[in-house]
Amino acid sequence: MFVINGALYCLIFLTVFSSIKGHNHHHNHHNTRHHTTEQKSLISTKELRRVSEELFEKLPTGIYQYLNVNYQGQRDSKDAKDEAAEPLLLLPKDLFDMVPTIRLMQKLYDNYDMNTLHAEDVTLEEDEEENDFIDSLLNTSIMMHSMDFLSSKGFFQKNINEYRQILKKIWFHQYSRSNRTELGSSGFEHVFLVEKKGGSHITGLHNWIFFATEEYENKANYLGYISKLELANKAAVIKFYLSYMDKIKLSSMFLGTPPEFEMALYTLCFFARPNKGCNVLLGNEKITIQTWVQYSNNEALIGSSFPKIYN
């Protein structure tokens with residue numbers, strides 16, 4: 001749910017835009033085939049924790065600081081009653097409009113058919129919207145730091161055009177999740193939106209921005225949390241049950257993070273620990289990122305990615 005709090009916008013604007021570069025340098029198993037992605041160079045857990053903490057240090061505080069997260073009741077099973085009468089999230093009405101990457105990401109929401117059995121028809125306009133979103137990510141120091149690190153390890157060349165192509169391929173190239181010919185899914189749609197698989201099974205939905213939007217429109221209902229962890233008052237991680245289209249789903253996601261942070265972290269782990277737990281450090285807290293790989297035409301693409309907490 002959104003609430004108006006206009007006096008906060010100036011501070012939000014300044015803290016969020018501190019991560020934007022000022023120059024043009026540019027829990028679920030998802031039917032993933034367990035191939036091993038070629039490692040161009042070994043990335044140690046120590047390096048992963050160092051780089052992930054550097055990404056976290058670049059994270060602006062102006063988003064999470066003004067979220068009102070109403071965790072309410074804790075639950076331990078899918079069949080338990082609704083432990084949360086109120087919405088999970090309260091936030092300033094126009095908060096998302098103040099953050100360029102969020103604003104451009106939300107423009108993509110109506111580009112997808114959530115049914116994975118339906119082939120996606122990507123128009124030229126939709127393709128341009130994806131490109132604009134990718135460019136906005138690469139205009140942030142967070143995304144560039146992740147890509148520069150991966151390029152230094154030999155996964156791809158240190159080149160802004162190469163970065164664009166890599167992100168476009170692994171996040172937005174369409175593939176089939178159901179061993180059918182219809183190309184009805186992508187990593188972005190699965191992680192940052194939601195998908196319907198096998199008729200009515202709900203999958204994906206690992207992004208708080210999309211969840212907040214759907215919760216506000218009474219399409220998603222928060223049912224209570226299993227575990228939660230605050231990260232140095234700059235973000236949080238939550239594992240919880242929700243209902244969507246009258247189906248109950250278990251999900252985990254970050255709270256209060258901009259798209260570039262999740263994209264940077266998940267991309268890092270996709271290359272460093274494909275189909276494995278990726279142990280990172282965020283605000284001095286140990287977190288595991290689970291990334292599943294989906295193969296299409298012998299190319300490794302993102303099947304899913306989400307944070308895991310155990311407390």
Side-chain angles (χ1 to χ4, degrees), residues 16-26 37-60 99-102 104-105 108 127-173 186-188 190-192 206-207 235 254 257-276 278-282 287 289-294 299-307:
V16 169
F17 276 78
S18 67
S19 69
I20 303 295
K21 289 199 147 192
H23 52 79
N24 293 325
H25 170 68
H26 285 280
T37 301
E38 181 184 358
Q39 296 263 329
K40 300 296 188 299
S41 145
L42 183 64
I43 299 178
S44 68
T45 297
K46 182 178 180 180
E47 286 179 299
L48 278 174
R49 287 178 172 162
R50 174 182 61 81
V51 174
S52 58
E53 193 70 289
E54 289 168 353
L55 295 175
F56 187 79
E57 289 172 0
K58 295 176 180 291
L59 188 65
V99 186
T101 51
I102 295 180
L104 289 170
M105 183 175 75
L108 305 180
D127 183 66
E128 280 302 310
E129 289 176 347
E130 291 176 359
N131 294 339
D132 289 343
F133 175 57
I134 291 171
D135 283 344
S136 75
L137 296 173
L138 291 171
N139 273 327
T140 68
S141 60
I142 293 177
M143 193 77 238
M144 287 297 294
H145 191 66
S146 180
M147 300 302 281
D148 284 344
F149 173 75
L150 288 168
S151 69
S152 75
K153 289 294 182 177
F155 287 95
F156 40 78
Q157 293 182 345
K158 186 176 183 179
N159 179 287
I160 189 63
N161 291 323
E162 180 77 5
Y163 293 178
R164 287 191 185 99
Q165 293 173 19
I166 291 292
L167 293 175
K168 181 80 168 184
K169 180 177 74 172
I170 66 174
W171 282 106
F172 292 97
H173 277 200
S186 68
F188 174 81
H190 182 87
V191 174
F192 288 89
H206 294 294
N207 179 255
F254 288 101
T257 49
E260 59 266 28
F261 176 78
E262 293 172 47
M263 279 277 188
L265 190 60
Y266 295 159
T267 300
L268 171 67
C269 288
F270 169 77
F271 284 101
R273 298 290 187 271
N275 289 327
K276 297 179 182 178
C278 180
N279 297 317
V280 301
L281 197 66
L282 304 174
I287 301 288
I289 302 298
Q290 179 64 59
T291 300
W292 296 113
V293 179
Q294 187 82 23
E299 287 193 307
L301 310 173
I302 291 176
S304 186
S305 193
F306 49 87

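The chain is numbered in sequence order, starting from 1. Since this is a predicted model, take the numbers as computed values, not measurements.
- For the pair L55 and S146, the tightest heavy-atom approach, listed with the atom from each and the gap, is CD2-N, 4.0 Å.
- Put simply, the residue from N207, L59, L265 that forms a side chain to side chain contact (heavy atoms under 4.5 Å, CB included) with F254 is L265.
- Under a 4.0 Å N-O distance rule, the pair E54/R50 qualifies as a salt bridge.
- The nearest pair of heavy atoms linking K153 to L42 is NZ-O, 3.9 Å.
- Counting heavy atoms from C-beta on, the side chains of M143 and Y163 never come closer than 4.5 Å.
- Counting heavy atoms from C-beta outward, T267 and W171 have side chains that approach closer than 4.5 Å.
- If you check the side chains of E299 and H173, you find no donor sitting under 3.5 Å from an acceptor.
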- Working for side-chain contact (heavy atoms from CB on, under 4.5 Å), residues T140 and T101: CA-CA 9 Å; T140 68; T101 51; 4.3 Å; yes
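- Using a 4.5 Å heavy-atom threshold, the side chains of F261 and L282 count as touching.
- Closest heavy-atom contact between R273 and S44: NH2-C, 3.6 Å.
- A salt bridge links K168 to D127: one of the charged nitrogens lies within less than 4.0 Å of a carboxylate oxygen.
- Residues F156 and F271 place their aromatic rings such that the two centres sit under 6.0 Å apart.
- F133 pairs in a side chain to side chain contact (heavy atoms under 4.5 Å, CB included) with only one of the listed residues (L138, I102, L104, L167), which is L104.
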